[in-house]
Amino acid sequence: MSHKASDSLNPNQAKAVRTTEGRVLVLAGAGSGKTKVLTHRAAFLIQEKGIPPSKILGLTFTNKAAAEMRKRLSGLIGATSAEQVTLSTFHSFCLRILREDIHRLGFTDAFSIYDESDIERMVTGIAKDILGTEKQIPSLAPTMALIAKARSQGKLFLKEGMEPNWHDEFANEVLKRLGQSMRAYNALDFDSMLFFTKQLFEECPDILEKWQDRFSYVMIDEYQDTSPVQYQITELLTRKSGNLCVVGDDDQSIYGWRGAHLKNILDFQYTHRITLDQNYRSTNHILKSANALIAGNTMRHEKNLWSGFGDGDPLEVFVAPDEMMEAEAIAHRIIKLKELKGFAFRDIAILYRSNALSRIMEKALLKHMYVTPGGVKRGIPYEIVGGTEFYERREIKDLLAYLKAIVNEKDAEALLRIINYPRRGVGDESLDRITAFSRKEKLPLMELLKKTAAGEVSLDLSNQALAGVKQFLHILEDVQGKLKEGSVAQGVEFLIERIRLKAAIDLEVKSQKGQDFKWENVQEFVSSIQEFEEEHAGEESSSLLKKFVGDLSLKNNLARFEGKDSGQTDAVQLMTFHSSKGLEFKACFLMGVEDHIVPHEKSVLDVGVEEERRLLYVAITRAMRNLTISMAKERKRLGKQAVSRPSRFLFEIPKEYLKTTKWDEV
DNA sequence: CGTCAGCGGGTTTTT
DNA sequence: CCCGCTGACG
């Protein structure tokens with residue numbers, strides 16, 4: 001219906017869309033219409049080649065990207081067909097496979113999914129166990145780092161034949177026990193989900209074939225960010241059909257720290273290769289700055305972005321005296337930009353390297369006063385995109401732990417979290433006794449609790465503690481009963497009643513003020529379950545609960561927690577450089593572009609500088625028309641004021657593209 | 001066993 | 001500066 005030039009494909013885009021067979025590598029520069037190519041390609045397969053929509057698989061990196069693709073595809077072929085195409089993140093896709101087939105690897109389909117902090121808790125416990133209580137536990141950071149690395153590579157152990165180094169041996173032992181516990185708890189985490197999917201494909205040819213047959217055309221977005229395990233999964237999955245299309249941009253690889261291998265895209269064995277370098281997003285001052293910056297990297301396919309949009313405004317750069325004034329200056333400029341260019345708030349994004357920077361910006365936006373046609377207003381509307389806020393809140397994690405424990409009885413991690421929450425007299429002493437016994441006798445925690453309550457095992461618990469354990473088991477039983485007969489939402493409401501969560505939260509709120517949103521969060525959680533239930537009407541409640549808990553663990557459908565209709569309201573968008581990948585905004589503000597922030601001081605040591613440069617490149621190329629880069633001379637760090645230097649990367653952008661302004665210029 | 005105050009330690013990015 | 005943890009006390 002619309003006749004914008006962007007609705008038609010340029011020759012290379014068209015070629016990428018029509019080259020459906022074989023292994024296709026699409027090198028797509030920032031803003032070159034990558035998503036458009038992917039969605040048109042799916043539409044082409046369905047409409048021109050008669051491929052059933054269900055035979056098409058599109059894998060993305062984030063839920064946001066998957067949702068965006070689904071939306072655009074719906075626009076092309078209608079919602080009914082679009083819904084039959086599998087579009088999901090790698091992790092969601094693996095979740096689906098594992099729910100169906102993981103029993104072949106000795107887990108059950110009720111498995112729990114642990115996040116980073118769950119793993120950390122477990123590692124802490126394991127470390128205490130290995131070292132005993134008398135020894136001081138060393139900082140776990142280096143151990144965690146070693147472990148994370150090994151696991152992201154799908155290794156169950158660190159390198160063999162390593163130096164007899166105490167720390168490595170310790171880490172190895174932790175890793176070994178962690179793996180055993182995860183299995184005993186019937187639990188996976190983000191890394192092992194991928195790892196076990198790969199293992200399933202390798203060890204069970206029938207299962208591999210089943211999944212191979214389900215998808216005859218596979219497309220992968222952001223291929224530069226895939227890890228070796230993800231590479232293996234896709235290779236196995238597409239071996240039979242041979243049809244694999246990967247789309248990516250080596251210059252936008254920013255997840256090396258999570259195990260992404262630039263090698264995947266640099267060495268991809270293709271039968272067809274297509275490069276998209278015409279940019280349809282930004283004016284040329286922005287693109288030339290980005291090109292100049294990224295030219296400083298060595299590991300890359302050379303390319304030069306260009307667009308037909310003219311030079312546009314130069315990039316604006318300013319230095320504020322401190323971080324508060326920087327944030328205020330940004331708020332001020334947002335209002336100015338709105339008036340001058342007629343942008344809506346939602347056209348404007350504020351991007352930062354690390355989440356910690358959002359706080360100060362929020363404060364400035366909240367208190368900023370400005371004049372509108374309707375009078376003086378206070379507060380610029382904003383929305384934080386992809387913040388890790390909600391699901392990490394303790395009250396939500398606690399409630400979720402109850403659900404996890406109900407779904408997966410073996411989930412000792414979840415059980416331990418809630419045996420004494422809300423407080424019911426089972427203190428540390430009792431908990432220690434319980435866990436020690438469970439470990440020593442290799443008796444699953446839940447069974448031990450039941451035996452203890454029944455008097456079959458005596459742990460010499462205090463009367464109070466014993467009563468607490470019994471009460472706890474009764475609660476779980478009652479909730480399970482309730483879940484069987486009613487809806488999930490009703491079951492959860494019953495649970496909340498039963499544990500007197502309201503009273504517990506009131507108590508917490510009383511002791512540390514400013515927490516009154518906790519109860520609100522709980523209510524929001526309940527209504528999110530109701531919504532979920534409505535969306536999945538007709539499904540059996542136990543599988544529904546499984547799905548809900550799984551989705552939440554993968555932060556799927558998180559939109560339901562991010563205000564009513566994310567993106568609908570007219571609000572400035574705040575997010576990290578990482579989260580901004582794949583998005584575009586008429587105007588972008590990059591704040592805190594200082595030398596310890598970008599490049600981050602922690603990444604300067606290893607191979608990180610090139611990745612940090614790519615990260616800034618990604619951020620810069622989000623902007624369509626206006627880009628403002630700012631920094632503060634002084635910034636509070638660890639509570640103390642400290643001087644900052646401009647990012648070294650700024651000096652790599654030719655001065656002619658930059659316009660330096662005074663921070664308080666009106 | 002629960003509570004509270006005081007202390008030291010720590011900030012990258014995400015599924 | 002904001003936590004989470006520790007240790008003393010009720």
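Naming convention: chains lettered A, B, ... in sequence-line order (proteins, then strands); numbering from 1 in each chain.
- Listed for the A:Glu594 side chain is a donor-acceptor partner under 3.5 Å among the backbone atoms of A:Ala632.
- Distances were taken from every side-chain heavy atom of A:His600 (C-beta onward) to each of C:dC1, B:dT15, B:dT12; the shortest belongs to B:dT12.
- Using cut-offs of 30° and 60° for the angle between ring planes, the A:Tyr255 and A:Phe61 rings count as tilted.
- In this structure, the CG atom of A:Leu194 is 17 Å from the P atom of B:dT14, given to the nearest Å.
- Mapping A:Phe190 and A:Gly425 onto DNA chain B via the closest heavy atom, the residue that lands nearer the 5' end is A:Gly425.
- In terms of position along DNA chain B, the nucleotide closest to A:Leu431 lies nearer the 5' end than the nucleotide closest to the other residue of the pair A:Leu431 and A:Glu612.
- Between the CG atom of A:Asn355 and the P atom of C:dC2 there is a distance of 17 Å, given to the nearest Å.
- With rounding to whole Å, A:Asp191 atom CG is found 14 Å from B:dT15 atom P.
- Under the side chain to side chain contact (heavy atoms under 4.5 Å, CB included) test applied with A:Arg614, the options A:Leu262, A:Leu293, A:Val609 reduce to a single match, A:Leu262.
- Checking B:dT12, B:dT14, B:dC1 against the side-chain heavy atoms of A:Ala465 singles out B:dC1 as nearest.
- A:Phe61 comes within contact range of the sugar-phosphate backbone alone, with a heavy-atom separation under 4.0 Å but no base atom that close.
- Residue A:Trp257 and nucleotide B:dT13 are classified as a stacked aromatic pair, their ring centres being separated by less than 5.5 Å at an interplanar angle below 30°.
- Note on A:Phe577: nothing from the nucleic acid sits closer than 4.0 angstrom, heavy atoms only.
- Remark: aromatic rings of A:Phe107 and A:Phe196 are close, center separation under 6.0 Å.
- As rounded to whole Å, 12 Å separates atom P of B:dT15 from atom CD of A:Glu222.
- Counting any heavy atom pair closer than 4.0 Å across all strands shown, A:Glu429 reaches sugar-phosphate atoms only and no base atom.
- In this structure, A:Lys640 atom NZ and B:dG8 atom P are separated by 16 Å, rounded to whole Å.
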